[in-house]
Amino acid sequence: MTVKNLDDLLGEGVQGRYVLVRSDLNVPLEGDRITDDGRVRAALPTIRKLAEAGAKVVVTAHLGRPKGEPDPKFTLAPVAERLSELLGADVALAGDLVGESAKALTAGLADGGVVLLENVRFDARETSKDAVDRSELAAELGALVPGGAFVSDGFGVVHRKQASVYEVASVLPAYAGGLVLAELDVLKKLTDDVARPYVVVLGGAKVSDKLGVIANLLTKVDRLLVGGGMAYTFLKAQGHEVGNSLLQADQLDQVKGFLAEAEKRNVELVLPVDVLAATGFAADAEHEVVPATGIPADREGLDIGPATRELFASKLADAATVFWNGPMGVFEFEAFAGGTRAVAEALVASDAFTVVGGGDSAAAVRQLGLPEDGFSHISTGGGASLEYLEGKELPGVVALEVKN
């Protein structure tokens, strides 16, 4: 696949030219406070390069899951403020997406200036299943930047067929941003000529979120470590008592199939040997370490136990390539963050090529205060990364392909 990139666009010259940038600025908020600005910082290099080259930069992004109409809970105002601080220049926020405010601000944009359009998901056409609706919105976005170009730099959304990701690439000359290219380069290292042993660590709440990626990875990895809430469905599939732990009973047959496939392919599938079993889902819940094969009926597992932390670290020690997606427990509660910390620290200590697969894993690294440069790469796109590793095409990348 051949795509034009940001360097190609800069080489053509952008002084005084409009550039519409699709960034991923979907940050976690508490009220109007950003609790993790990792995605804003990741979006910064492309925006800064364009602004410094004299482009008129118009940024579009989403936040949360509004229901296709304006919702003050999901305004990008906190993001505009943080982007201004990091950029060292004022980033004006339009009061709408393609309405009068957006038109006025983009029309008055100076060379090197940056405008952020309000949440693209405030318009139901962004996520519509109807391609005509999406194309209509894409055309209106294109009309805001006459004679402009489109830079796709929101890797976290390239697995979505959405107006600001997919259709807009046919409205404007399209280029891949630096972040998207960096992410794709890393993912290729996880799929093509992988250095071995190749170890994948999967956690998070639900097996159902990762069915495709588990099935595909079982054909590629040497070792698969499973923790987090999804581990209890694996343990139940082996016939063990899991108490009140998170369980997807409708996935038990699927998981039994994974266990059989791993054995058939000689993939070492490693499950927890002990867990922190709590009396309830709360930060201060009473808890104890119990064997993973016998969780009391009135307790629920909220983290992997100390023996499992040591086991997982030992299974990572000789790895040459590691992909980690999903926390090992409820890391938001300090009492149940130890398993996630142990896996992260094992990766930091490793000489392997280590990739943190975005989402909650990336948030955990920052929340636990671990050095980001201790990992080879921290992805900004959990869902997009998983779909790539599942072997699926990413529509937002396909849309950038240069047609002969």
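Counting begins at 1 with the first residue of the sequence.
- Shortest non-hydrogen contact noted between Ile34 and Arg82 is CD1-CB, 3.8 Å.
- Remark: Glu126 engages Arg22 in a salt bridge, criterion side-chain N to carboxylate O under 4.0 Å.
- More than 12 heavy atoms of other residues, nucleotides or ligands lie within 6.0 Å of NZ in Lys210, so this atom counts as buried by the packing criterion.
- The CD atom of Gln238 sits 12.0 Å away from atom OG1 of Thr233, with the distance rounded to the nearest 0.5 Å.
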Next on the checklist: Run Leu97 and Phe122 through side-chain contact (heavy atoms from CB on, under 4.5 Å) and show every step you take.
Outcome noted: CA-CA 8 Å; Leu97 178 65; Phe122 283 179; 5.9 Å; no
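- No salt bridge links Lys188 with Asp192; every basic N to acidic carboxylate O contact stays at or beyond 4.0 Å.
- In Arg196, the CZ atom is crowded: over 12 heavy atoms of neighbouring residues, nucleotides or ligands sit closer than 6.0 Å.
- Side-chain contact between Leu63 and Leu25 is absent, with no heavy atoms from C-beta onward closer than 4.5 Å.
- Judged by distance alone, with hydrogens and angles left aside, the side-chain atoms of Thr354 form a donor-acceptor pair with the main-chain N or O of Ser376 at under 3.5 Å.
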Which atom pairs, donor and acceptor, lie under 3.5 Å between side-chain atoms of residues 136-158 and protein residues at least two apart or in another chain?
residue, atom, partner, partner atom, Å
Glu136, OE1, Arg125, NH1, 2.8
Glu140, OE1, Arg125, NH2, 3.2
Glu140, OE2, Arg125, NH1, 2.7
Asp153, OD1, Gly178, N, 3.3
Asp153, OD1, Leu179, N, 2.9
Asp153, OD2, Thr46, OG1, 3.0

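- The structure places CG of Asp123 at 11.0 Å from CD of Glu69, a figure rounded to the nearest 0.5 Å.
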Side-chain atoms of residues 211-221: list all donor-acceptor pairs with protein atoms under 3.5 Å, sequence neighbours left out, distances to 0.1 Å.
residue, atom, partner, partner atom, Å
Asn216, ND2, Leu389, O, 2.6
Asn216, ND2, Glu390, O, 3.4
Thr219, OG1, Asn216, O, 2.6

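- When all heavy atoms of Gly301 and Val275 are compared, the pair lying nearest together is CA-CG2, 4.4 Å.
- Using bins of under 30°, 30° to 60° and over 60° for the plane-to-plane angle, the ring pair Trp324/Phe375 lands in the tilted bin.
- Using a distance-only test at 3.5 Å, with no hydrogens or angles considered, a donor-acceptor pair links the side chain of Asp274 to the main chain of Ala307.
- In this structure, Arg341 contributes its side chain and Leu368 its backbone to a donor-acceptor pair below 3.5 Å.
- Remark: side-chain polar atoms of Asp37 are not paired, donor with acceptor, to backbone N or O of Val40 under 3.5 angstrom.
- For Ala131, the side chain to side chain contact (heavy atoms under 4.5 Å, CB included) partners at least two apart in sequence or on another chain are Arg134, Glu167.
- Between Leu386 and Phe323 there is a side-chain heavy-atom pair separated by less than 4.5 Å.
- Between Phe281 and Phe333, a ring centre-to-centre spacing shorter than 6.0 Å is recorded.
- Between the side chain of Asp111 and the backbone N or O of Ala55 there is no donor-acceptor pair closer than 3.5 Å.
- Considering CZ of Phe336 and CG of Asp303, their distance stands at 8.0 Å, rounded to 0.5 Å.
- Around CG of Asp193, the count of heavy atoms belonging to other residues, nucleotides or ligands within 6.0 Å does not exceed 12.
- Under the 3.5 Å distance criterion, the side-chain polar atoms of Asp71 are left unmatched by any main-chain donor or acceptor of Pro66.
- With values rounded to the nearest 0.5 angstrom, Ser128 atom OG is found 12.5 Å from Lys161 atom NZ.
- A pairwise comparison of heavy atoms in Met328 and Gly227 identifies SD-CA, 3.8 Å as the closest pair.
- Partner His377 forms a side-chain contact (heavy atoms from CB on, under 4.5 Å) with one of Val186, Leu190, Leu187, Asp185 and no other, that one being Val186.
- A donor-acceptor contact shorter than 3.5 Å is absent between the side chain of Thr308 and the backbone of Ile304.
- Summarising the geometry of Asp96 relative to Glu100, their closest heavy-atom pair is OD2-N, 3.3 Å, with the distance given to 0.1 Å.
- At distances below 3.5 Å, not a single donor-acceptor pair connects side-chain atoms of Thr279 with backbone N or O atoms of Ala285.
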Checklist entry - Could you go step by step and tell me if Lys49 and Leu6 meet the side-chain contact (heavy atoms from CB on, under 4.5 Å) rule? => result CA-CA 9 Å; Lys49 278 184 182 179; Leu6 181 63; 3.9 Å; yes
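- Side-chain contact between Val397 and Tyr388: absent, with no pair of heavy atoms (C-beta onward) separated by less than 4.5 Å.
- Residues Val270 and Phe312 meet the side-chain proximity criterion, which asks for heavy atoms closer than 4.5 Å.
- Within a 6.0 Å radius of CD in Glu310, other residues, nucleotides and ligands contribute 12 heavy atoms or fewer.
- Put simply, the side chain of Thr75 does not reach to within 4.5 Å of the side chain of Asp32, judged on heavy atoms.
- Glu372 CD to Ile378 CD1: the interatomic distance, rounded to the nearest 0.5 Å, is 4.5 Å.
- Sparse packing is recorded around CG of Asp351, with 12 or fewer heavy atoms of other residues, nucleotides or ligands lying under 6.0 Å away.
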Checklist entry - Should Thr35 and Glu30 be marked as a side-chain hydrogen bond (donor to acceptor under 3.5 Å, both in side chains) after you check the CA-CA gap, both sets of side-chain angles, and the distance that decides it? => result CA-CA 7 Å; Thr35 57; Glu30 282 183 4; 5.5 Å; no
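- The shortest distance between side-chain heavy atoms of Arg121 and Thr127 falls below 4.5 Å.
- A salt bridge does not link Arg309 with Glu345: none of the charged nitrogens is closer than 4.0 Å to a carboxylate oxygen.
- A donor-acceptor pair under 3.5 Å is formed between the side chain of Asn325 and the backbone N or O of Gly357.
- For the pair Leu394/Val398, no side-chain contact is recorded, criterion being any heavy-atom separation below 4.5 Å from C-beta on.
- Glu334 CD: 12 or fewer foreign heavy atoms inside a 6.0 Å radius.
- Note: Lys256 NZ to Gln254 CD = 12.5 Å, rounded to the nearest 0.5 Å.
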Item to check | side-chain contact (heavy atoms from CB on, under 4.5 Å) between Thr340 and Val365, intermediate numbers included | outcome: CA-CA 9 Å; Thr340 301; Val365 165; over 6 Å; no
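- Residues Val199 and Asp222 have side chains not in contact (no heavy-atom distance under 4.5 Å, counting atoms from C-beta outward).
- Between Leu9 and Arg17, the shortest heavy-atom distance links the atoms CD1-NH1, 3.6 Å.
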Item to check | Test log, rule side-chain contact (heavy atoms from CB on, under 4.5 Å), inputs Glu52 and Val14 | outcome: CA-CA 10 Å; Glu52 288 179 350; Val14 293; over 6 Å; no
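- A pairwise comparison of heavy atoms in Val356 and Ser361 identifies CG1-CB, 3.6 Å as the closest pair.
- Of the N and O atoms on the side chains of Ser385 and Ser379, at least one donor lies less than 3.5 Å from an acceptor on the other residue.
- In terms of modelled atom types and a separation under 3.5 Å, the side chain of Thr380 and the main chain of Arg39 share no donor-acceptor contact.
- Other residues, nucleotides and ligands contribute more than 12 heavy atoms inside 6.0 Å of the CD atom of Glu12.
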